[in-house]
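Let me begin by presenting the structure, written as structure tokens, before commenting on it.
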Amino acid sequence: MNKPEPPPRVRFAPSPTGSLHVGGARTALFNWLFARGRGGTYILRIEDTDRLRSREDLSREIIAELGWLGLDWDEGPVFQSRRGELYLPPAERLLEAGLAYRSEPDPEGRTAIILRVEPEEITVFDRVYGKITVAGSELKDIVLIKSDGSPAYNFACAVDDHEMGITHVIRGDDHLPNTPKQILLYRALGWGPPVFAHLPLILGADKTPLSKRHGATSLKAFREAGILPDALVNYLALLGWSPGGDREIMTGEELVREFSLKKVNRKAAVFDHQKLVWMNGRYIQAAAPEELAERLRPLLAGTEWESASPEKLQSVISLLGHRLKTLADFTDLAGFCLEGEIGYDPEAVAKHWAGEDTGEILAETREAIERAEPFTREGLEEALRAVVERRGIKAGALMQPLRVALTGRKDSPGIFEIVALLGREVTLDRLNRALVFLGKNS
RNA sequence: GACCCCGUCGUCCAGCGGUUAGGACACAGGCCUUUCAAGCCUGUAACACGGGUUCGAUCCCCGUCGGGGUCGCCA
């Protein structure tokens with residue numbers, strides 16, 4: 001019944017005139033999901049025909065960030081600029097057929113090759129938007145080869161897509177108006193056009209298209225902010241697409257399995273940084289400390305953590321647990337785990353060291369910790385709770401002053417875990433220092 | 001301005017002629033608790049408007065309004 005469709009060939013074709021931002025990443029992702037879900041081929045093509053604005057370093061960055069996201073390609077990267085020979089023959093063919101003409105020479109005597117467009121109605125069947133009809137009178141003649149000899153975008157695009165055997169062109173909504181022109185190009189050249197599918201735009205919170213003004217929108221920035229690639233992929237997949245129903249947290253495999261162009265939205269979506277961070281937190285919770293430590297390491301360059309051992313990193317990550325929403329939170333939350341003196345947050349001191357018996361409690365706590373056996377989370381809990389019991393105080397009356405003594409702050413992970421991680425020596429040092437501080441201030 | 005596209009909670013999505021319009025983020029309250037988180041429970045909150053079609057419209061059609069995209073020898 002169903003015609004067996006040949007496996008699709010799709011491409012992501014960024015131009016290296018800026019960093020890869022989340023909009024481009026989502027386009028890449030949808031192409032990738034489409035190809036992977038149907039046993040197709042995903043190709044990376046760098047559209048660097050703009051000789052003035054294209055930058056080689058940006059090409060490299062885009063390729064690297066795509067790799068980081070985990071969107072591996074099967075062919076390429078193909079650089080459009082290195083395919084110069086490809087474009088002239090079909091343009092000349094159109095010239096000979098009388099379908100194209102040469103422009104008036106520019107001041108330097110160079111001419112462009114331009115396709116003559118007849119005023120006829122063009123219909124595009126878009127996989128996402130459906131049927132779109134444009135009056136031919138809306139279209140102007142189309143430049144094929146620019147005066148400088150390089151191919152113009154629409155022409156290069158059509159020639160490349162045809163030559164590379166692209167079956168489905170999945171790209172940003174902003175290309176929708178280009179599509180009738182490209183269809184005309186295919187028609188003139190006698191080629192069968194690919195299937196087109198346009199993706200809705202991604203907007204900033206102010207509903208304007210995402211740009212630098214909206215802060216960190218490049219993949220590089222997200223990576224450096226400690227967003228995990230899997231979390232970003234998951235979040236991006238749900239921006240403009242849904243599998244139907246209420247599913248949200250999905251593995252890459254599930255996304256591949258469920259993805260279909262049919263369920264892609266037509267409405268521009270606002271990028272919600274908060275939700276991405278929430279989702280990232282979920283991925284951090286689910287990830288192994290070893291993996292997190294590895295991902296964290298590059299972010300620690302130049303900090304006091306630079307030389308920390310993998311084991312140390314892992315144990316601190318485990319201690320912090322789901323308090324980490326992004327890997328970048330690490331340095332802020334983990335400061336007290338570094339050896340050396342800690343600073344006291346004045347608010348924490350005012351709130352938890354104000355009691356008259358604080359010094360007494362901490363002194364007794366010190367003795368309990370000196371003697372605690374075994375020196376484990378459980379052993380410590382038992383020892384400290386015994387102090388609470390003996391003094392007939394509320395648990396918080398001990399835990400909070402102790403927290404300030406060990407971390408300098410009002411909030412932290414569980415205090416028994418902290419003592420266990422810090423070790424007896426560091427803990428006692430910090431307690432002694434706290435007692436000196438209290439003595440001076442009472 | 002012309003052409004094209006879009007319009008469900010603040011945001012992302014579900015819905016596909018009959019629903020108490022559902023979930024998630026965010027927000028508020030509660031439980032838990034050594035703090036902060038996390039977790040669990042509860043709550044606030046939407047079909048842009050006006051006409052049709054229909055026994056019945058969030059859903060189909062038309063218009064209005066609102067938002068966006070494109071109109072380069074840029075990609």
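In the text below, chain A, chain B and the rest are named by the order of the sequence lines, each starting its count at 1. What's counted below: heavy atoms across the whole structure, side chains too, no hydrogens, waters or symmetry copies.
With respect to the salt-bridge test (charged N to carboxylate O, under 4.0 angstrom), the residues A:Glu248 and A:Lys275 qualify. One finds a salt bridge joining A:Arg377 and A:Glu417 here, because a Lys/Arg side-chain nitrogen approaches an Asp/Glu carboxylate oxygen to under 4.0 Å. With respect to the salt-bridge test (charged N to carboxylate O, under 4.0 angstrom), the residues A:Glu341 and A:Arg433 qualify. Under the 4.0 Å criterion applied to side-chain N and carboxylate O atoms, A:Glu118 and A:Arg187 are not assigned as salt-bridge partners. A salt bridge does not link A:Arg371 to A:Glu373: none of the charged nitrogens lies less than 4.0 Å from a carboxylate oxygen. Of the charged side-chain nitrogens involved, at least one lies within less than 4.0 Å of a carboxylate oxygen, so that A:Glu56 and A:Arg60 count as a salt-bridged pair. One finds no salt bridge joining A:Lys351 and A:Glu347 here, because no Lys/Arg side-chain nitrogen approaches an Asp/Glu carboxylate oxygen to under 4.0 Å.
Of the side-chain N and O atoms in A:Arg266, none sit less than 4.0 angstrom from OP1 or OP2 of B:C5.
Atom P of B:A48 sits at a distance of 31 Å from the matching atom of B:G29, rounded to the whole Å. With C1' as the reference atom, B:C4 and B:C9 are 29 Å apart, rounded to whole Å. Taking the C1' atoms as reference points, B:C31 lies 30 Å from B:A14, given to the whole Å. Between B:G39 and B:A46, the distance separating the two C1' atoms is 29 Å to the nearest Å. One C1' atom belongs to B:U44, the other to B:C25, and the distance between them is 15 Å to the nearest Å. Comparing the same atom, P, in B:C61 and in B:G17 gives a spacing of 12 Å after rounding to whole Å.
Of the candidate nucleotides B:A24, B:A75, B:C6, B:A24 has the atom nearest to the side chain of A:Glu248. Listed candidates were B:C13, B:G23, B:C73. Nearest to the side chain of A:Lys275 is B:G23. For A:Val134, the side-chain atoms get nearest to B:C3 when compared with the rest of B:A75, B:C13, B:C3. The A:Val143 side chain lies nearest to B:C73 when the options are B:G23, B:C71, B:C73. Among the nucleotides B:G69, B:G15, B:C5, the one closest to any side-chain atom of A:Tyr129 is B:C5.
Taking the six-membered ring for Trp and the full ring otherwise, A:Trp32 and A:Phe12 have centroids separated by 6.0 Å or more. The distance between the ring centers of A:Tyr153 and A:His175 falls below 6.0 angstrom.
Residue contacts for A:Lys351: at a heavy-atom cut-off of 4.0 Å it reaches no nucleic acid atom on any strand shown. Residue A:Asn178 is in base contact, counting any heavy-atom pair closer than 4.0 Å across all strands shown.
Between A:Leu58 and A:Pro16 the shortest heavy-atom distance is CD1-O, 3.6 Å.
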Might you list the N or O atoms of the protein lying below 3.5 Å from N or O atoms in nucleotides 63-65 of chain B, with each pair's distance?
none

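Nearest-nucleotide positions on RNA chain B place A:Ile132 closer to the 5' end than the other of A:Gln274 and A:Ile132.
Counting distance only, with no hydrogens placed and no angle test, the side-chain atoms of A:Ser242 and the base atoms of B:C13 include no donor-acceptor pair under 3.5 Å.
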Q) In B/S/- notation, 5' to 3', how is nucleotides 33-48 of chain B contacted by protein heavy atoms closer than 4.0 Å? A) -BBBBS----------
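The CG atom of A:Asp272 sits 7 Å away from the C1' atom of B:A26 (whole-angstrom rounding).
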